[in-house]
Amino acid sequence: MKNIILLLIAFLSSSQQVSLPSDPTYKAGVVEHPEVTGGDNARDRTSLAWASYQQILRDVQDLDILVFPEHILNSRATATFVPHESENVTPCFQADYEIFLIEASCSARARGMYVVLNLVEKELCANGAGSETYGPCPETGVRNFNTNVVFDRTGKVVSRYRKTHLWRQEYYSTSVLRTPDVATFTTDFGVTFGHFICFDMLFYEPAMTLVRERDVTDIIYPTYWFSELPFLGAIQLQEGWAYANDINLLAADGSKPSGRTTGSGIYAGRAGRLTAEIYQEPTLTVLVADVPKRNTPRTMPPVTLFTPQLITPRHTGVATHRDYNVDIFQTELLAADFLTVEKELCHGSFCCSFSIERVATPLGTHVPTATDVSYRYRIGAYHGNETTVIRVDRTEQATCALFACTDDQLYNCGYIYPETEQVLNDYYFSKLSISGAFPAAPRGRRLIMPSSLTGQFLPVSASEFDWTESVLAANFTDMPVKVDMELKQPQNDLLTFAIWANYFTDLPSSHNLDHMQPQQPSTSNAAPRMAVSLLLLLLGCLLMKL
């Protein structure tokens, strides 16, 4: 009888499993979710957010894994304890956690899928308890982390990751481990995942550690990304990073386009995006794809038939930051009516070659007016460590780029025309080739990626450009590498077409937000404190003699 019961349990469990280790793909979903409004307080908002998450969990069908975005679910006021995977805890069986974490565990079990949540975690730290972090334990005796938690099909916590690289305001309330988490988990469908959060993507630890040192081929990425032009739009970075590392990436973003946040997708390395969307209004959606496992053949997306278009769809409802690094690039403004450019442009000893051809776009039925506008273009080259990533942390970059500007001033590159302007593609790009000799990385830390963007804030499809490296850059980081990036077919509108390399500098940030670079304590009141201490010591000695 006991054996029959065990067989029945095994059958019921396996019946919920969508994909098997022998299958060539697995079924993944990523959630783009707006911030929750309403409610009288933080607890109400968390309850509303979790109710929305629960509805998604009820509605999705036949998924192996579902990923929710960063920042949306809760806040410090509703922070929860999160067990480490080594504790072998299934919160659905216990009452030691916030109700949403308990119910998330129950939902993962009920739906028979892996579920990844991002949340605000709390940990007791008084009297030396808890983890070793930068910065002292707060006076409350409780510290907070920006944390991913992963539930398996039974609702058990199988992985936890605490964010390593914080974004500005997080520094005031969020702790960071002195030794970064490197978080992985292995699924019953034969795939091992690594995961990290948002800003971590621009740093070596833990993102590149997972790929280069742990050989992880599938990455989970909850984010609340603030897009920046011309190189770091949300999908632009996600697809470029996945392409350069040739890994699968599941990216779930928050949705607040007016606040620069939107853009989720699922990517299959050098086969490009399987699905990705960026929205001009706050949007709740689940993007789903069959993701090819690393040892299976991958197909490139279909090539669309090119047709010259004077006016193309474009996104104007997405706010963006501007990358002020371009102001120190070596750049050259191209003529408004240029048809052919053959040019080498150098920043110091780092040189980029450009070969560009354009063809006038037929007017069709459009009658030009005096208020019509068109983008101007600059080419640029840069290699150095005077740059930052989104004006937070120092970087070392090497870049060869073509990027759009709203006029002939460098300061107006990295902006787009507003909705009120009628933008014309006076010319389309019939040929566009960029190449550069990218220096070796003495510390072995370098990632060279394609970075392109159209007027809809989407990258040029992986099937529509060629990318070649003289040596495999990822395997030979101690060698210089010549990289060529070339359009395979014409393009109507481009905001960016670039080769963007991150050398993961070791230069420390010096801003006072960063408790990973703690400031030296002030010595201005050391002398008075010493005097008081000596006085108390003498007073104690006198009392002992009396």
Side-chain angles (χ1 to χ4, degrees), residues 18-19 23-33 56-57 59-70 72 111 113-118 148 150 184-185 187 189-198 200-201 207 210-211 216-225 227 233-255 261-279 283-302 449-450 452 456-464:
V18 178
S19 300
D23 291 333
T25 64
Y26 63 90
K27 195 84 167 183
V30 297
V31 179
E32 174 139 340
H33 199 295
I56 293 168
L57 286 163
D59 289 344
V60 294
Q61 298 293 325
D62 299 328
L63 290 183
D64 290 298
I65 188 165
L66 182 65
V67 182
F68 288 90
E70 183 190 20
I72 300 298
R111 296 312 314 276
M113 71 175 75
Y114 290 82
V115 175
V116 184
L117 295 182
N118 174 271
N148 289 341
V150 183
T184 65
F185 62 98
T187 63
F189 50 92
V191 174
T192 296
F193 288 91
H195 56 118
F196 51 85
I197 302 167
C198 200
D200 288 331
M201 183 170 274
L210 288 165
V211 176
V216 174
T217 59
D218 293 68
I219 296 291
I220 290 166
Y221 182 58
T223 185
Y224 193 87
W225 187 260
S227 285
I235 294 177
Q236 180 182 18
L237 174 62
Q238 292 164 20
E239 186 162 351
W241 193 90
Y243 186 98
N245 286 303
D246 198 17
I247 53 93
N248 293 328
L249 177 69
L250 316 183
D253 201 355
S255 192
T261 298
T262 173
S264 304
I266 301 175
Y267 310 88
R270 302 227 164 178
R273 58 186 178 269
L274 302 174
T275 179
E277 296 290 344
I278 198 161
Y279 300 95
T283 300
L284 194 166
T285 190
V286 182
L287 303 178
V288 174
D290 290 307
V291 184
K293 296 176 183 177
R294 171 52 65 91
N295 59 353
T296 61
R298 295 173 295 175
T299 58
M300 296 289 284
M449 70 181 76
S452 64
Q456 290 184 291
F457 284 11
L458 292 174
V460 173
S461 172
S463 61
E464 296 178 358

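Every heavy atom of this structure was used, including side-chain atoms; hydrogens, water molecules and symmetry mates were not.
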Non-hydrogen atoms of I247 and W241 that approach each other most closely: CD1-CZ3, 3.5 Å
Non-hydrogen side-chain atoms of V211 and V216 separated by less than 4.5 Å: no
Compute the centroid of each ring, for W225 and then for F457, and state whether the two points are separated by less than 6.0 Å. no
Counting N and O atoms only, with roles assigned by atom type, does the side chain of N248 sit under 3.5 Å from a partner on the main chain of P292, one being a donor and the other an acceptor? yes
Are the side chain of R273 and the backbone N or O of G265 linked by a donor-acceptor pair below 3.5 Å? no
Taken to the nearest 0.5 Å, the spacing of L249 CG from M201 CE works out to 5.0 Å
Check: R270 side chain, Y243 main-chain N or O, donor-acceptor pair, under 3.5 Å: yes
Quick one: pull up OG1 in T223 and CD in E70 and give me the separation to the nearest 0.5 Å. 5.5 Å
Donor + acceptor pair across side chains of E32, T283 (<3.5 Å): no
Donor-acceptor check, side chain of T275 to backbone of A289, threshold 3.5 angstrom: yes or no? no
Distance in Å, E277 CD paired with I235 CD1, rounded so as to fall on 0.5 Å steps: 7.0 Å
Can you give me the closest heavy-atom contact between G254 and P69, atom names plus distance? N-CB, 3.6 Å
Would you sort out whether V60 and L66 count as a side-chain contact (heavy atoms from CB on, under 4.5 Å), showing the intermediate values? CA-CA 9 Å; V60 294; L66 182 65; 4.3 Å; yes
When you check the side-chain N and O atoms of D218 and Y26, is any donor under 3.5 Å from an acceptor? yes
Are I65 and I220 close enough, and set up right, to give a side-chain contact (heavy atoms from CB on, under 4.5 Å), and what steps lead you there? CA-CA 10 Å; I65 188 165; I220 290 166; 3.5 Å; yes
Check: N118 side chain, P222 main-chain N or O, donor-acceptor pair, under 3.5 Å: no
Check Q238 against G263 and note the closest heavy-atom contact, atom names and distance. NE2-O, 3.0 Å
With a 4.5 Å cut-off on side-chain heavy atoms, are Q61 and R111 touching? yes
To the closest 0.5 Å, what do you measure between OH (Y114) and CZ (F193)? 9.0 Å
Any chance you could measure Q236, atom CD, to L458, atom CG, to the nearest 0.5 Å? 10.0 Å
Nearest non-hydrogen partners of V67 and A252, listed with the distance: O-CB, 3.5 Å
Between I72 and Y224, is there a side-chain heavy-atom distance shorter than 4.5 Å? yes
Hey, are the side chains of L237 and M449 touching, using non-hydrogen atoms and a 4.5 Å cut-off? yes
Does P459 offer a backbone N or O that forms a donor-acceptor pair with the side chain of S452 under 3.5 Å? no
In short, N148 meets F196 closest at the heavy-atom pair ND2-O, 3.4 Å
Gap between atom CG of N245 and atom OH of Y267 - 0.5 Å precision: 14.0 Å
Report yes if the side chains of L57 and F68 come closer than 4.5 Å at any heavy-atom pair, otherwise no. yes
Stepwise side-chain contact (heavy atoms from CB on, under 4.5 Å) check, T25 with K27: CA-CA 7 Å; T25 64; K27 195 84 167 183; over 6 Å; no
Report the C-alpha separation of V291 and I266 in whole Å, then their side-chain angles, then the decisive distance to 0.1 Å, and conclude whether the side-chain contact (heavy atoms from CB on, under 4.5 Å) test is met. CA-CA 8 Å; V291 184; I266 301 175; 3.7 Å; yes
Are side-chain heavy atoms of D64 and T187 found at a separation under 4.5 Å? no
Search all heavy atoms of S227 against all heavy atoms of A234 and return the closest pair with its distance. OG-N, 2.9 Å
